[in-house]
Amino acid sequence: MNAFNSSGKVSPIDSEVGVVVRGSGLRARGSVLGGLVLALVVLTGCAGPYQYYEGTGVHDATAAEVAGAWENIEGTRVVLRKDGTAQVEALDEPDFAFEDGWRLSGTGTWKLTDEEGGQRVRLELTKRTKVTSRPPSTSPSPSAVPVTPTPTVDSLSVDLWRFHVGRDERDELELFFFVGDPDIGNMYVMSREVESSPKAP
């Protein structure tokens, strides 16, 4: 393809330059567009299904039903009293803070909230009494586990948990929040504390 220069004569050099410039412009625009598409794919790809979890859809739980003692398999115990106060024993930190491995004990307050996606229990720790560490579940040897000093009760920033209120297959209430990377969707589930069976006479 030829192009005309200012003198009106055909100039193959100008033609080549013109094509190259136009081609570079197209490549530049294509690169920018490709970069934007790639960024969009990466950003939406990082958003796992649990990162934007809105709730269980449960709206029929009452505060009286939620009140009581709750536990999980790792020895955590949370008592939600009817007067809105709470007792917490060895409760792991939520979200990414869970990876730090610290468990908090103390006293606080709680209330049942109802949001568009479902009900939640908002638990706030107002007084910390103890900080313990959770042993790593998978470690090749004790020497491979990094040793860090136990923080003081006032040095950790977590004071608030938001438990989702759900129902299991038997329609019993369960409380849970997500821990670790939200893309993975690991749940920290609390079940109603099983009462000790009465001792035989």
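- Atom-to-atom distance recorded for Asp95:CG and Phe177:CZ is 8.0 Å, nearest 0.5 angstrom.
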Inset, instruction - Decide side-chain contact (heavy atoms from CB on, under 4.5 Å) for Val165 and Val121; before the verdict, give the C-alpha distance in whole Å, the side-chain angles of both, and the deciding distance to 0.1 Å. - result: CA-CA 7 Å; Val165 177; Val121 170; 3.9 Å; yes
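- Between Phe176 atom CZ and Asn72 atom CG the span is 14.0 Å, to the nearest 0.5 Å.
- Nearest heavy-atom pair across Trp161 and Asp92 is NE1-O, 2.9 Å.
- One distance of note links CZ of Arg167 with CD of Glu174; it measures 10.0 Å at 0.5 Å rounding.
- The main-chain N or O of Ala61 is found under 3.5 Å from a side-chain atom of Gln119 such that the two form a donor-acceptor pair.
- Note that CZ of Phe178 and CZ of Phe98 are 13.5 Å apart. Values are rounded to the nearest 0.5 Å.
- In plain terms, the two heavy atoms of Arg162 and Leu160 that are nearest each other are NH2-CD2, 3.6 Å.
- Each of Val189, Leu80, Leu123 was evaluated against Leu175; a single residue qualifies, Leu80, per the side chain to side chain contact (heavy atoms under 4.5 Å, CB included) test.
- Of the possible donor and acceptor atoms, one in the side chain of Glu71 sits under 3.5 Å from a partner among the backbone N and O of Val194.
- With Trp70 as the aromatic partner, Arg192 meets the cation-pi criteria of under 6.0 angstrom to the ring centre and within 45 degrees of the ring axis.
- For residues 106-119, every residue pair satisfying the salt bridge (Lys or Arg N to Asp or Glu O under 4.0 Å) rule, not counting sequence neighbours, is listed here: Glu115-Arg120.
- Using a 4.5 Å heavy-atom cutoff, the side chains of Thr107 and Thr85 are not in contact.
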Inset, instruction - Begin with the C-alpha distance, continue with both residues' side-chain angles, and end with the deciding distance and a verdict on side-chain contact (heavy atoms from CB on, under 4.5 Å) for Val78 and Gln87. - result: CA-CA 6 Å; Val78 175; Gln87 179 76 39; over 6 Å; no
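- Separating the OG1 atom in Thr76 from the CZ atom in Arg103 is a distance of 4.0 Å, to the nearest 0.5 Å.
- Closest of all the heavy-atom pairs between Ser105 and Ala90 is OG-N, 2.9 Å.
- Distance CG/Asp60 to CG/Asp171: 7.0 Å, rounded to 0.5 Å.
- A side-chain donor-acceptor contact under 3.5 Å links Asp181 to the backbone of Asp183.
- Ionic pairing of Arg81 and Asp83 is not present here: no N-O contact between side-chain nitrogen and carboxylate oxygen is shorter than 4.0 angstrom.
- Hydrophobic cluster membership differs between Val79 and Trp110, with clusters built from Ile, Leu, Val, Met, Phe, Trp and Tyr side chains linked at under 4.5 angstrom.
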